[in-house]
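Heads up, the thing below is written out as structure tokens.
None of these values were measured; they are calculated from a predicted model.
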Amino acid sequence: MKPLHILYGITVLGFLLGIQGGRIALWKDGHSKPIKVFPYSANMLPEQDRLLLEKGLHFDTKEELIARIEDYLS
């Protein structure tokens with residue numbers, strides 16, 4: 001009998017940075033509601049950054065996420 005090989009897909013959930021109600025917001029993958037809505041208007045950002053956030057930016061690690069949030073909120 002041949003051994004049975006089972007492959008497991010490991011999904012690492014990340015974070016999504018986007019816009020909700022005109023404000024910068026953060027979602028955890030798999031959740032429909034943001035875990036944080038920042039008190040910063042997306043309209044204050046340069047157009048290119050705002051357009052990226054409208055599409056949503058995905059981050060696999062907290063470090064990447066924190067660096068981008070600091071860029072937007074500083």
Checklist entry - Name the one of L65, I66, D29 that satisfies side chain to side chain contact (heavy atoms under 4.5 Å, CB included) with F59? => result L65
Item to check | Hydrophobic cluster partners of L51 (side-chain heavy atoms under 4.5 Å) | outcome: none
Checklist entry - Are H58 and L17 close enough that some pair of their side-chain heavy atoms sits under 4.5 Å apart? => result no
Next on the checklist: Evaluate I24 against I69 for side chain to side chain contact (heavy atoms under 4.5 Å, CB included), listing each step before the verdict.
Outcome noted: CA-CA 9 Å; I24 299 171; I69 289 173; over 6 Å; no
Item to check | Residues clustering with M44 (ILVMFWY side chains joined when closer than 4.5 Å, directly or via others) | outcome: none
Next on the checklist: For the CD atom of E54 and the CG atom of L52, what is their distance to the nearest 0.5 Å?
Outcome noted: 9.5 Å
Item to check | Nearest heavy-atom neighbours spanning A42 and I19 | outcome: CB-CD1, 3.5 Å
Checklist entry - Which residues pass the side chain to side chain contact (heavy atoms under 4.5 Å, CB included) test with A25, sequence neighbours left out? => result Q20, W27, P34, V37
Item to check | Sequence neighbours excluded - side-chain hydrogen bond (donor to acceptor under 3.5 Å, both in side chains) pairs with any residue from residues 31-42 | outcome: none
Next on the checklist: By the side-chain hydrogen bond (donor to acceptor under 3.5 Å, both in side chains) test, which pairs, at least two apart or in different chains, include something from residues 61-71?
Outcome noted: T61-E64, R68-Y72
